[in-house]
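Structure first, then comments.
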Number of protein chains: 2
Amino acid sequence: MPTINDVSKLAGVSKATVSRVINNKGQIKDSTRKLVFQAMETLNYKPNTLAQALATKTSNSIGLITSIFDGNYFGVLLKESAKLADQAGKQLIVTDGHNDPQREMEAIDSLVARRCDVILLYSRKLTQQDFKDIKARTSVPIVVMNRKINDATYYSVWFDHFHASALAVNHLLELGHTTIACITASVSSRTVKLRYKAFQECLKQQQLILNKDLVVAGDYTIEGGYNACKQIIAQKQPFTALYAFNDDMAIGAIRALHEVGIKVPEQVSVVGIDNEPFGSYVTPSLTTVELPIRDITNAAMKIALDLANGVEISVTETTFRGKVITRESTTANSRSI
Amino acid sequence: MPTINDVSKLAGVSKATVSRVINNKGQIKDSTRKLVFQAMETLNYKPNTLAQALATKTSNSIGLITSIFDGNYFGVLLKESAKLADQAGKQLIVTDGHNDPQREMEAIDSLVARRCDVILLYSRKLTQQDFKDIKARTSVPIVVMNRKINDATYYSVWFDHFHASALAVNHLLELGHTTIACITASVSSRTVKLRYKAFQECLKQQQLILNKDLVVAGDYTIEGGYNACKQIIAQKQPFTALYAFNDDMAIGAIRALHEVGIKVPEQVSVVGIDNEPFGSYVTPSLTTVELPIRDITNAAMKIALDLANGVEISVTETTFRGKVITRESTTANSRSI
DNA sequence: CTGAAAGCGCTTACAG
DNA sequence: CTGAAAGCGCTTACAG
């Protein structure tokens, strides 16, 4: 690979001058600029980004830590991030947090070691204490996605998962359902806790009793939803609605109900969360809560890029809310009419 | 951020010695090693990866260029890559090729400028000539995924898309279908061409006529398949089977058929490609061709890591083949019995 | 408008 | 076993 020295020799100027034309800085005679361009051209020279980073102390890179790699949700998150990073001339370094607090910490260390300008952390497992510890170790700005952080030194962009969950549950309640089965998630994340809490509170508000036999944890996959629903059915207890913590599990549940001859939505209404694209194409089409993943990604990246460019940022917390998409899988509770 | 100099001062040794303990190279007295470790600990020192890269001329990073961000397929590709890179102590830099040859070229340049040890290129648009040009510009090893390259200086790992397509078509032919509608793809990629060619040739082999009115292009989305199928239906020409170039479009097509009262599979059999997880959970469940995306990613990453580590590699081309997964959406052609 | 020199934070022969 | 010095490929005051 040719270096700046090769270019400077061929062009017959100092490397300082070459550097200036590369970065378009300072005054340079047109004729020498031309000379340098020619030399770069014939050598097919590309400045070594690593050396530039070392000299300027900015790496022009953004680190992204995530543990989610499934579904439309993640694809949008990543495509949008890559696009925005690209537009800003930054490179995106993607790291798997393995859904484990320890590994997420290591991922941060590794991105810090690489001197990322800023880190995007889509975290599910770190505790508030962990977040404190991180700040003690590094001064690299961190934008946390999907979590609300009680610490003004963080920038966080998150979904109001309590609200999203309440939307789903209230949708069923409004349709007159009073016995609602629930497929929660086995991962113990803040998101799951908030969603479950909303489920409890919404029932409570209507003075309804939460039957724990009708609550089973899945693993966010279609199959997990299928299995969880089988377990619920095996309880042999009546229910007229089912709420799954994501669309994949809702689809699995519908399949399980279908297999034992329970009709959706005539006998059981089903609602999910995520608004996966296939939801409007399955039969029956799926009622769900849409989370604005594109918006959240854009907001997070905008903050990240501002931070990388040293722009002052005043808002440290941004909240996004979902909305119900009503389709065929939910209907009024016939038994309560 | 503390540097190696800070550590060396605090520990009272030269930075050469610090470097040695960091990299565990050469002989070091236990006592001084301890001293250095202590200093690193109290300063919370992390070596600057960029400086290391500059000094050693290896960046310990792998570039990945892709244009696909949808579906399970991409999630597996990315998760697997991230995991393997991580295990090997490499970082993964992800770049969007924007499904455009020009942009893919720029993406390569940018990864080369960052001195990636090796580049993984999931390309859909570059021509054989483009591949030649790239080689003239850079000596960074490139592993091409999803394409067969007629150039031994490349390493390529690809699906036999002709074969996969033939599997789908022959599956329908074996069930006695003779008039088969086809939802192809509007993107003009090598993959699409190969799949269409297989469609043509399989029909030809059975001396069947290909009715072009029954061939419509979609855009790989569910909605695209839905619209394409509407167009096909609007032709008012009989067909007993439909082959879509991916599962998403197949699902959309089933929905369109459903809406006009055409029963799947009783009146029309439908087959897709990809084996998306939801395929076994929709109604009717979807017959499809599974492409071993996990295998192909592993193979590509293994080659990439070997290249990064200077291991000699003898195989420059690896081919993977899919297999039919038969489910409910296809059945024997009743009219031909 | 341009060059010589110092510096970014590491590694690695070379000497001892 | 350890240190001084040169070098990786850039940038950027400083001088002229």
Side-chain angles (χ1 to χ4, degrees), chain A residues 1-37 39-40 43-61 89 91 110 112-117 138-140, chain B residues 1-37 39-40 43-61 89 91 110 112-117 138-140:
Chain A
M1 299 246 84
T3 73
I4 199 171
N5 278 308
D6 301 322
V7 177
S8 83
K9 267 178 214 151
L10 183 60
V13 298
S14 76
K15 56 183 186 168
T17 301
V18 176
S19 176
R20 289 195 192 95
V21 347
I22 291 172
N23 298 296
N24 206 8
K25 262 188 187 165
Q27 313 258 49
I28 311 129
K29 238 201 303 185
D30 260 14
S31 58
T32 80
R33 185 197 305 275
K34 203 163 285 176
L35 243 50
V36 172
F37 271 128
M40 295 202 293
L43 291 175
N44 208 311
Y45 168 75
K46 306 269 179 252
N48 182 328
T49 323
L50 299 173
Q52 289 180 314
L54 192 59
T56 61
K57 288 169 166 265
T58 54
S59 67
N60 271 317
S61 65
Q91 281 185 300
S110 127
V112 168
R114 188 155 283 251
R115 301 298 187 268
C116 284
D117 299 335
T138 174
S139 57
V140 176
Chain B
M1 300 247 83
T3 72
I4 197 171
N5 278 308
D6 301 323
V7 176
S8 84
K9 265 177 215 151
L10 183 60
V13 298
S14 75
K15 55 183 185 165
T17 300
V18 176
S19 175
R20 289 194 192 96
V21 349
I22 291 171
N23 298 296
N24 206 8
K25 262 187 188 165
Q27 314 257 50
I28 310 131
K29 236 200 305 184
D30 259 12
S31 58
T32 81
R33 185 196 305 275
K34 204 164 282 175
L35 243 48
V36 172
F37 270 129
M40 297 203 291
L43 292 174
N44 207 313
Y45 168 75
K46 307 268 180 252
N48 182 328
T49 323
L50 299 174
Q52 289 179 315
L54 194 59
T56 61
K57 288 169 165 264
T58 53
S59 66
N60 270 319
S61 66
Q91 280 185 299
S110 126
V112 169
R114 188 156 281 253
R115 302 298 187 270
C116 286
D117 299 335
T138 174
S139 56
V140 176

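First the proteins, then the strands, lettered A, B, ... as listed; each starts at 1.
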5′-ward residue of the pair B/Ile28/A/Pro2 relative to DNA chain D: B/Ile28
Any-strand Watson-Crick or G-U partner of D/dC1, both distances under 3.5 Å: C/dG16
Close side-chain approach of B/Lys15 and B/Val7, heavy atoms under 4.5 Å: no
Interatomic distance, A/Lys29 NZ vs C/dG3 P [rounded to whole Å]: 10 Å
Nucleotide nearest B/Ala55 when distance is taken to its side chain, options D/dT2, D/dG7, D/dT11: D/dG7
Side chain proximity check, A/Leu54 to A/Arg115, heavy atoms < 4.5 angstrom: no
Closest non-hydrogen atom pair, A/Ser19 against A/Ile4: N-CD1, 3.9 Å
Phosphate contact (C/dT12 OP1 or OP2) by B/Thr56 side-chain N/O below 4.0 Å: no
N/O (side chain, A/Ser19) to phosphate O (OP1/OP2, D/dT11) under 4.0 Å: yes
Value in whole Å for how far the P atom of D/dC14 lies from NZ of A/Lys25: 15 Å
Whole-Å distance separating the CG atom of B/Asp6 from the P atom of C/dC8: 11 Å
B/Gln52 CD - D/dG7 C1' separation (whole Å): 16 Å
Protein-nucleotide distance (B/Leu50, atom CG; D/dG9, atom P), rounded to Å: 15 Å
Distance, rounded to the nearest Å, where A/Ile4 contributes CD1 and D/dG9 contributes P: 11 Å
Euclidean distance, atom CD1 of residue B/Ile22 to atom P of C/dT12 [Å, nearest integer]: 11 Å
Under 4.0 angstrom between B/Thr49 side-chain N/O and C/dC10 OP1 or OP2: no
Whole-Å gap separating C1' (C/dC8) and CG (B/Asn5): 11 Å
Side chain of A/Thr17 (C-beta onward), nearest among C/dT2, D/dG3, D/dT12: C/dT2
Over all atoms of both residues, closest heavy-atom pair of A/Ala39 and A/Ala11: CB-CB, 3.9 Å
Distance below 4.0 Å between A/Lys15 side-chain N/O and C/dA4 OP1 or OP2: no
Given C/dT2, C/dG7, C/dG9, the nucleotide with the shortest approach to the side chain of B/Thr3: C/dG9
Chi angles and distances behind the side-chain contact (heavy atoms from CB on, under 4.5 Å) call for A/Asn23, A/Gln52: CA-CA 11 Å; A/Asn23 298 296; A/Gln52 289 180 314; 4.3 Å; yes
A/Thr3 side chain near A/Asn48 side chain, heavy-atom distance below 4.5 Å: no
Selected nucleotide, minimal atom distance to A/Asn48 side chain, candidates C/dG9, D/dG9, C/dT11: D/dG9
Side chain of A/Leu54 - closest among D/dC1, D/dG9, C/dT11: D/dG9
N/O donor-acceptor pair, side chain A/Arg20 with base C/dG3, under 3.5 angstrom: yes
Proximal nucleotide (of C/dG3, D/dG3, C/dC10) relative to the B/Val13 side chain: D/dG3
Phosphate contact (C/dC1 OP1 or OP2) by A/Gln27 side-chain N/O below 4.0 Å: yes
